[in-house]
Amino acid sequence: MNNILQLVWLIPLLPLVGFLINGLGRKHLSKALSGFIGSAVIFLSFAMSVWVFIQVKDGNTHVAHYFDFINIAALKIGFDLQVDQLSSLFLLIITGVGFLIHVYSTAYMHDEEPQNFAKYFSFLNLFVFSMLLLVLGANYVIMFIGWEGVGLCSYLLIGFWFTNNKFNAAARKAFVMNRIGDLGFLLAIFWLVNKLGTVDFHNVFASVGNLSTFDITGITLLLFVGATGKSAQIPLYTWLPDAMAGPTPVSALIHAATMVTAGIYMIARSNILYTMAPVSQTVVAITGLSTAILAATIALKQNDIKKVLAYSTVSQLGYMFLGLGVGAYTGAVFHVMTHAFFKALLFLGAGSVIHAMSGEQDMRNMGGLKKHMKITHLTFLLGCLAIAGMPPFAGFFSKDEILGAAFAKNPVYYGIGVAGAMMTAFYMFRLYAMTFLGKFRGTADQEHHVHESPKAITIPLLILALLAVAGGWVGIPEVFLSGGHRLGEFLNPVFAQSDAITIKPEMVHTTEYMLMVISVALALVALIYAWSRFSKYQKTAEPSTGLGNVLENKWYVDELYEAIIIKPVRAIANFFNEVVEKKGIDGFVNGIGKAVNYGSRQVRLLQNGQVGLYVLMMVLGILILFIVQLFL
Amino acid sequence: MEKLHGWISFPDLLIWLPLISGLVTFMLRKDKQVKAWSLFASLLTLAVSVLSLVYANDKILNYVSWKWLSTLGASYSLGLDGVGHILSFLTAVSFPLIFAATYKSEYKHSQAFYGLMLLTQAGLMGVFCAMDALVFYFFWELALIPVYFLCSRWGGEKRIQATFKFFIYTFAGSLLMLLGIIVVYLHTNNLMDAGGNIIAPHSFSINAFYDVAARLEPTKQYWLFGLFFIAFAIKMPIFPFHTWQPDTYEQAPAATTMVLSGVMVKMGLFAVIRWLLPMFPAAVDHFGYIVIGLSVIGMIYASLLAMQQDDLKRLVAYSSIAHIGLMCAALFANKQIGTQGVMIQMFSHGINIIGLWIVIDQIEKQTGVRKISQLGGIAHKAPALTIMLVVIALANIALPLTNAFVGEFMMFTGLFKYNVWVTAIAGLSIILAAVYTLRMIQHVFYGEVNTLTATMKDIPNSVKWVLGILLVMIFVIGVYPQPLFDLTKDTVASLLTRFK
Amino acid sequence: MEIKWYIDLAVALFSIGVIGVLTRRNAIIIFMCIELMLNAVNLLLVAFSKMHAAAEVGSISPSVVSDGQLFVFFIMVVAAAEVSVGLAIIVMMYRNTHSTDVNFLNRLKH
């Protein structure tokens, strides 16, 4: 047991230490110091993650047991961390992207008071801690601990500027939506405990044969409910766009790069369960695909730069679920990775723009920023190309892998997926063109202030841009380069169990080429159309009509939920409070008291002081006694 | 009777220390003396309780039995098993914290106030230690009566009405229980020792009760089960016997509310564990689904009501009803894991809810109101208070790594083994709990400062310390709950063997 | 004489007493009616005592004969005590209200 990886607990511990230092010392730390501590702990974690990754790459995986969390006769849950290919990859993504975003934040949040600045970094560190716990957990319960932890941090950071009640409401919505998903996750864990008596990944996956198909389907569907909450899928996706109320680096880290991919991580982790439950797989695929399309349509008409990116995130997450649903686990994880790079880049770029525009988020008031912000512009363009799936940028490889697998499963999936990819290219370049091209449409005052951001912002942008360009080269498809999919080989042990029981349809190379050409060509068409149409965008006052209006209002989903869930629940609660509780139950209890009171007041009238009446009562009483005695 | 005990034992100390120091308190005159003395006395009790945990496995130190009213078959029998240890420790730990947190509160006739509080503590300890039905009943009432005086003398505006309701309601329940005790007692004259001799014509001892009650004919068991259950259901309280609780919590003085909700409602759960379940296993099997049904309905119902409350105290009261409902359901589901969960959750819930009351008390003291709609922006003025409250509130809704998560996780697992759909419905309360808790946090602590909260200051250091201790307990239990499991596993095991 | 006649007489006397108590409001008359009832009972006791003594002659201890008659003395003594107290109350009542109507006394305060 003296595996060197036993020390893996240091990786989550460091951010926790950072959280404690920044949180407890927030009144005494200067901004520079708290920013430094916050970033440094993540950097150390990152360094260790690299080391862990190298260990894993050399074939050293390990489950580290520390102490018993719950240990009773019926159930044993250890506080265990698991280091394997999947978790080490996620460690790299979380700490790597996390570190860049911490550095970025030191500049972005610079206008905050020192106390709030430290608070911000402590929350951010706490988030990284929870996220690391989530991916390192060796059983579903430890995973769930991290799972709820990231939800909490997301809540705290969305509502970071807590003076604004709209932000608070968004934070609350995020938390409650996540809790709905969490209930599904919890029920799945209960089910596992009930059937298998264990929640350890190893034991569960080893004894998966003992479960009936019904059980597996039920468990996987419930797990998926959890994933829809955390990873913002239909029907629980509406919190994510609202979550943009938080500071932009938070959106980049939590609501794009890491936390929202937790659902994908969880399903990829439980891949064997899903492989054995085709029904669940289909549900996952269809939900993912519908979310991808729905969110993409909404993104077409949004004008808030962060909202577009938010819906784009929802849509990309949909693709990942599509990948999971069609059994392309590697592809989904691959897309998680590339998406983390380019979406973090895009959000940070958007943050840089917002920073330069003094807090303006409406794209209609931007334009022409190309000449003012060279680095931001360049990196943003690379990010857009990556997300649009242009070769040879990162998004191309991962998206293509998912679409290819979707085609193999069902060509309809592929068709719809490509339509979504077209929309992605369209709205991203609409965003790009409206922001960076054309003429400046903001106020003169804003134009005066527009400037390139400081180095702490641009350097992370450059690094992420590099990754967004080159990040896909670890997964070059076999048709281009034999042995090019190094990521796939690396992750192979994690999905081996699933691969063993699935039959991979062999695709003809020409088909594969054709699919790529189709999707890239269509996306290119959409890209060019968006570029040409919006590069000379002018503000118009006329409201959009018909479908445009529906899209602008996000298909009225929020309103629908308000009408069919929130209002009825409120009405029921109100009915319970006003009628059942006050008049019904309490009324009954008080009624007994009142009845006794009333009764005694009536009986008291007999004691009226009339001696004759007393005697009469006495005589009558005696007579009744006689009658009873004689005749009954 | 065989002598199984030394001259003094932990249960003795735990009961007599607060009882005598409470009586002494009545004679003190100066306000400062009274406060210092009662804090000291409660700390002394805490020390004894900690010692009793250290020596938890020592039978001689934890059990005691003296002759008392032997013509009746009663005896002064006390004992601490796992569940008794947990709850007596909760009682011991909560009183010093409550005294410290309300140290600045002024009471008229403070010697009477603190004396009665200590008497309540003695009563609670007695309930958790009693191994004889008559002793149990005696302490059950001893715990109730001081609370009646505390609420009716030092309570809020509508205290008379609320206290009257509380007293009559719980007292009616107690009488039903007394009736049940007497009926079982009248059946105990056939208890024999190994030689076939009748030991006593009648007996109140817990073993006699266990033996006799379980052997009664089913219909009689059902009736007796009903008598006991209603008494305990009122005390817990579970739906629909709960209406005394919000009124009482609202009107009682803060320190008393903490005792009531933190410790006293555990009396009902404890009594179910100690008396109801072992005595009537057949009836529990027979009526278990009704009780679980009521509990689950109560969870959802109370959660929904909590969403509607404007008064902070009432909100916490309803949230408490929802949590107690889960514990009751898990108890009656009768699964090892769920019962273990209840053990730990009884403690956790006590800690968390006392923390919530302390925060509410601080807010009310400073602003004079408890209405959610009138407050706002406290986080600007009192960041320390806000952080503490957020942590405690999140612990209350069972976020992982806080104490309540462990308990709720296990209780739900036990309930799941009992019935899937019940669990799914009960699980909705997890969501609802998040809704009402976050709503409260948002409207009271976040947002803009208003005229009422503008003058607020952060909490004094003494309160900071108290809340800090609570926080430490929340996290320690949340991360490493195993010692509590080890403490209670024998109790749970012996409880469950009665259902085989 | 047959026991029946005694019983009839006693019942008649007792009924007169009851009706008197129920219908009259004058305290003194009510008092007299109570006395009437008591004496009806006395009459019965004596009569039954005599009857039992006649039926069980010689075979039983003399207490059978005397028990009933002893009770009569008790009742007479108690009745006498009662009358003295009762009359005193009536006198006080008359002084206060200038009437012996019991319905004036339906509240025991001013």
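Hydrogens, waters and symmetry mates are skipped; everything else that's a heavy atom, side chains included, is used. Just so it is clear: chains get the letters A, B, ... in the order the sequence lines come, proteins before strands, and each one is counted from 1.
For chain A, the nearby parts of B:F412 are the backbone and the side chain; heavy atoms of each come within less than 4.5 Å. For B:I300, no part sits under 4.5 Å from any heavy atom of chain A, backbone or side chain. Neither the backbone nor the side chain of B:K489 comes within contact range of chain A; no heavy atom of the residue lies under 4.5 Å from a heavy atom of that chain. Looking at B:I168, neither its backbone nor its side chain comes within 4.5 Å of chain A, counting heavy atoms on both sides. B:V492 does not touch chain A: none of its heavy atoms, backbone or side chain, sits under 4.5 Å away. Residue contact with chain A, scored on non-hydrogen atoms closer than 4.5 Å, is absent for B:L415. B:Q308 touches chain A through backbone and side chain together, each having a heavy atom under 4.5 Å away. At a 4.5 Å heavy-atom cutoff, the contact between B:H242 and chain A is made by side-chain atoms alone. Looking at A:L183, the atoms closer than 4.5 Å to chain B (heavy atoms on both sides) all sit in the side chain, from C-beta outward.
Contact tally against chain B (heavy-atom pairs below 4.5 Å) for A:A169, A:G584, A:G149: the top residue is A:A169. Of the listed residues (A:N164, A:I77, A:D182, A:V580), the greatest number of heavy-atom pairs within a distance under 4.5 Å of chain B belongs to A:V580. With chain B as the partner, the residue from A:F175, A:F69, A:W191 showing the most heavy-atom pairs under 4.5 Å is A:F69. Of the listed residues (A:I572, A:V193, A:I180), the greatest number of heavy-atom pairs within a distance under 4.5 Å of chain B belongs to A:I180. Comparing A:D68, A:I592, A:N574 by heavy-atom pairs within less than 4.5 Å of chain B, the highest count is held by A:N574. No other option in B:V420, B:I387, B:L399, B:D247 has as many heavy-atom pairs under 4.5 Å with chain A as B:L399. Comparing A:Y155, A:F162, A:F67, A:F79 by how many heavy-atom pairs each has under 4.5 Å with chain B, the most go to A:F162. With chain A as partner, the option from B:F241, B:F445, B:Y318 having the largest number of non-hydrogen pairs under 4.5 angstrom is B:Y318.
Residue-environment remark: OH (A:Y561) exceeds the threshold of 12 foreign heavy atoms within 6.0 Å. Other residues, nucleotides and ligands contribute more than 12 heavy atoms inside 6.0 Å of the NZ atom of B:K464. Residue A:Y66 places its OH atom among more than 12 non-hydrogen atoms of other residues, nucleotides or ligands, all under 6.0 Å distant.
B:I397 places a side-chain heavy atom less than 4.5 Å from the side chain of A:R179. Using a 4.5 Å heavy-atom threshold, the side chains of B:H380 and A:T163 count as touching. Put simply, the side chain of A:D586 reaches to within 4.5 Å of the side chain of B:K165, judged on heavy atoms. A:N194 is not listed as a side-chain neighbour of B:T413, based on a closest heavy-atom distance of 4.5 Å or more. Side chains of B:P383 and A:K119 form no contact here, defined as non-hydrogen atoms less than 4.5 Å apart. Residues A:L186 and B:F409 have side chains in contact (heavy-atom distance under 4.5 Å, counting atoms from C-beta outward).
The minimum heavy-atom distance between B:F416 and A:L187, with the atom names listed, is CE1-O, 4.0 Å.
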* How far apart are the C-alpha atoms of B:F239 and A:I585, what are their side-chain angles, what is the distance that settles it, and do they pass the side chain to side chain contact (heavy atoms under 4.5 Å, CB included) test? -> CA-CA 9 Å; B:F239 178 86; A:I585 299 173; 3.4 Å; yes
* Asked: Going through the checks in order, is the ring-ring contact (aromatic ring centres under 6.0 Å, His included) test met by B:F405 and A:F144?
  -> CA-CA 11 Å; B:F405 171 71; A:F144 186 77; 5.8 Å; yes
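B:Q309 and A:N577 share a side-chain donor-acceptor pair at under 3.5 Å.
To the nearest 0.5 angstrom, B:L304 atom CG is 11.5 Å from A:R570 atom CZ. In this structure, CG in A:N168 is found 10.5 Å from CD1 in B:I441, a value given to the nearest 0.5 Å. Rounding to the nearest 0.5 angstrom, the gap separating the CD atom in A:E148 from the CG atom in B:L394 is 9.5 Å. The distance from atom CD of B:Q340 to atom CD1 of A:I70, rounded to the nearest 0.5 Å, is 10.0 Å. If you take CG on A:L152 and CG on B:L401, they are separated by 10.5 Å, rounding to the nearest 0.5 Å. Atoms OG1 and CZ, on B:T437 and A:R172 in that order, are 10.5 Å from each other to the nearest 0.5 Å.
In terms of modelled atom types and a separation under 3.5 Å, the side chain of B:Y446 and the main chain of A:F167 share no donor-acceptor contact.
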